[in-house]
Every structure is written in structure tokens, then in C-alpha cells.
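Right, one structure below, let's go through it.
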Amino acid sequence: MNIQDIAIHLSHIRTAEGYTFDCQTIAGEVEVLQVDLNDVDGFSVFVTKTNFQIICIIYLWTEAEVKAESRVEMLEMMMDTSISIPLSSYARVEDRYVLFGSLSVNSNMDKVVEEIITLNENALDVMVAMEDFLL
Amino acid sequence: MSDKKTQNSGNAAGNVLKKLVDAVKSGSRELKEFIQDVQGTDAFEREIEDAQLRLKEAKGELTQIMAKQKQANRVVEIISQQLVEHEVLIKDAMQTNDDQQAITLAKKVVELEKDLLAQQVIVETYTKHVSALKQHLEHTERALKDYERQLNIVKTTENIQKATAAIKENYATEDKGFLSAKKAMLSKANRQATAIKEPETSSSMAVNHETTSLSDAQVNEKVQRVLERLKPKSELDD
């Protein structure tokens, strides 16, 4: 399964819950697929692939958007709650906090779809839950 | 650190996660260098190739030894069967008082027992060998998985850095919130504020529509005007 396969699959399906997807490939040194849920207030999920895993990422906020006085508390909160978030975890890429989920490259398409939807739902919850730590 | 951990980290590339932690501590430049260093040495690829080769050899050897073990087992079965048959024959000979035949058969039994013992030793040797090879195979498989896992750490770090760079390059501005759910939430809040205003606009449009609708008298007047305009010229002339 490569990024194109994922794009083609996502562009044509409608899930049992009625979700449909809009996909856009981003050219660069590595291939990235931007996936947006149609007609839903969600976030762009960026999908990329290595030899071993498929990684789905939502960029949450930057360091500059964190209240300086709440930063440590926010980080602790992220550590404390990460394990409870289904299928997703926190990480930081450069100065950007992200929520991500990773799958084996051997996963089937249903798992990728599940990951993208769950990640979006989780990100919405995270934004509401962590609002107080952000400017 | 446990012996197992030390053993796992004892390959040419060392503990990659520890190196990654040190690189992240030092800053983004070091992180890029870390990726280049590990990639540059090709240590992982070599380790993986070596391990794969060892694995292939060990599997070939194991298959051969297992075939020999099976063969030796079959010989043991045959000798055992022959022993049973000879013992039956000895009993028969003794029942018919054919002592000569009984002695000849007994000699053969002694010989068979000697062969059986020798074959059993061979089977035991093969069994030990197979067990040792299987263990070796498992260690190699484990080492291979460990190299692959550590390579995965480097590849993933590199991939995410490059993916983020590509996304950033693609969206020069972050106004649309692709790179920040926080900004996306803000624009969503704005959209919702606009959405609340929309019904007002629609209803005011309805009012306008009503005010622009014509009374019957007005319609009649307009109809007359149209007819007037389209009247044949001759009638106008009259």
C-alpha cells in the first residue's frame, strides 16, 4: 500500500457513518497526503509512509501559541492523558505539537480510515480540553 | 541496564534512541546531523544484510540436519520392528525346540540391538544439533528485528522532518490552519459567527422579494405597456 493507493481509496469511499474524504498529494522530498473530512468541522490529517509504518498527523499548535506560565503544566497534562486517547498520541515536531497515530504498513485500508476519523475526533477533544493552556 | 538490553544495543549502530535523545537535546542542527550520520555509515543496512545472510545459511543448515534426523529416526523404527519380529521368531523356534534356529536368531537380535543403540546415539546428536540451530535461528531473527526497529527510528525521524518541511513549503501561510488545529478552530468559530448571520440575510431577502412583488393592478398596467410596445406599426399609424 502506497500513498496513492490510500488517496484513491479514500476519494471513493463513504463510510458507514457517512464520512467522505477529500485528498490532496503534497509534493516534497517525501510524499505526503493531506486528507480532509468533507462537510465536517475537522482538521487536515497529513499521512506519510516509511518502510515500516503509515503515520497520520494533525498539527495542533506551536510553542508560540502556548501560555508561557502554563507550559510545564500543559506538558505534564499531555503526558498524563496521552495513554487514554484512543489510537492517538502526542508528539512535537520542531516547534509544533502534534497528535498522531501510526499503523503498520501491512494494515488494511479500513484501519487507515479508522485512524483518520479517530484522529480527527481526538484532535477536536484535545483542542477543547487543552484550550486553557493556549493563548 | 539488563544483560538483555546491553546485548540488544551491542550492534554496530548502538542504541539509536539514546543517540536521538542526545541529538534532540543539542538542537535541530544536531538532529539533522544525527539522521545523516546514521544514514551515512550504512551500519544498519550492513547489519541487516549480514543478519539476513546468516539467517538464510542457518535455515539451509537446519533443513539438512532435520532431514538427516528424520532419516536416522526411520532407521531406528526399522531396527525396532526387526527386533520385534526376531523375538517372535525366537519364541516360535523355542516352542518347536529348534535350538539351533533360536541361537542364530538370538545372535541376530544382539546385532540388531547394537545397531539400534548406535542409531539412537546418532538421532540424539541430530536432535541436539537441531535444537542448537533453532536457538541460533531465533537469536538471529531477534537481532534482525532489532536492527530493523532501530532503523525504523531513524527513518521515521527523517520522514517526519521532511514531511513537515514539504507541508510548510506547500502552505506558505498558515492562515487556513493546515499546520495548526488552533488556527483552524479560530476560523471555524468565525465561520459559525457568519453562519448565524445568514438566516437574517435570507429573511431580509424574503422581505425584499415581497416588496418587489406586484399587485394585480400593477401587473395589468405592465401588461398593457408590453402590448402597447409590441403593437404592429400599422395600428400605431392609425
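Computed over heavy atoms, backbone and side chain alike; hydrogens, waters and symmetry mates excluded. The chains referred to below are lettered A, B, ... by the order of the sequence lines, with proteins before strands, and numbering in each begins at 1.
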Please flag which part of A:L135 lies under 4.5 Å from any non-hydrogen atom of chain B: side chain, backbone, both or neither. backbone

Between A:V45, A:L60, A:V32, A:I57, which shows the greatest number of heavy-atom pairs under 4.5 Å with chain B? A:L60

Given that the side chain runs from C-beta out, which part of A:E94 has a heavy atom under 4.5 Å from chain B: side chain, backbone, both or neither? side chain

Flag if over 12 foreign heavy atoms under 6.0 Å of NZ, B:K134: no

Closer than 4.0 angstrom, basic N to acidic O: yes or no for A:E31 and B:K162? no

Greater than 12 external heavy atoms within 6.0 Å of A:E17's CD: yes

Inter-residue atom distance A:F46.CZ - B:T164.OG1, 0.5 Å rounding: 9.0 Å

Separation between NZ of A:K49 and OG1 of B:T156, rounded to the nearest 0.5 Å: 11.5 Å

With sequence neighbours left out, write down each residue that passes side chain to side chain donor-acceptor pair (under 3.5 Å) with B:T127, or none if nothing qualifies. B:Q69

So which atom in A:I58 and which in B:A181 form the shortest heavy-atom distance, rounded to 0.1 Å? CG2-CB, 4.3 Å

What residue in A:V30, A:L99, A:V93 has the most heavy-atom pairs under 4.5 Å with chain B? A:V30

Residues 70-81 of chain A, side-chain donor-acceptor partners within the protein, below 3.5 Å, at least two apart:
residue: A:R71; atom: NE; partner: A:E63; partner atom: OE1; Å: 3.0
residue: A:R71; atom: NH2; partner: A:E63; partner atom: OE2; Å: 3.1
residue: A:T81; atom: OG1; partner: A:M77; partner atom: O; Å: 2.7

Could you pull out the closest heavy-atom pair between B:K155 and A:T50, with the gap in Å? O-CG2, 4.2 Å

To the nearest 0.5 Å, how far apart are CD in A:E29 and CD in B:E158? 7.5 Å

Which atoms of A:A27 approach chain B - backbone, side chain, both or neither, heavy atom under 4.5 Å: backbone

Between CZ of A:R92 and CD1 of B:I160, what distance do you get to the nearest 0.5 Å? 15.0 Å

Can you name the nearest heavy-atom pair linking A:T48 to B:N159, along with the distance? OG1-OD1, 2.6 Å

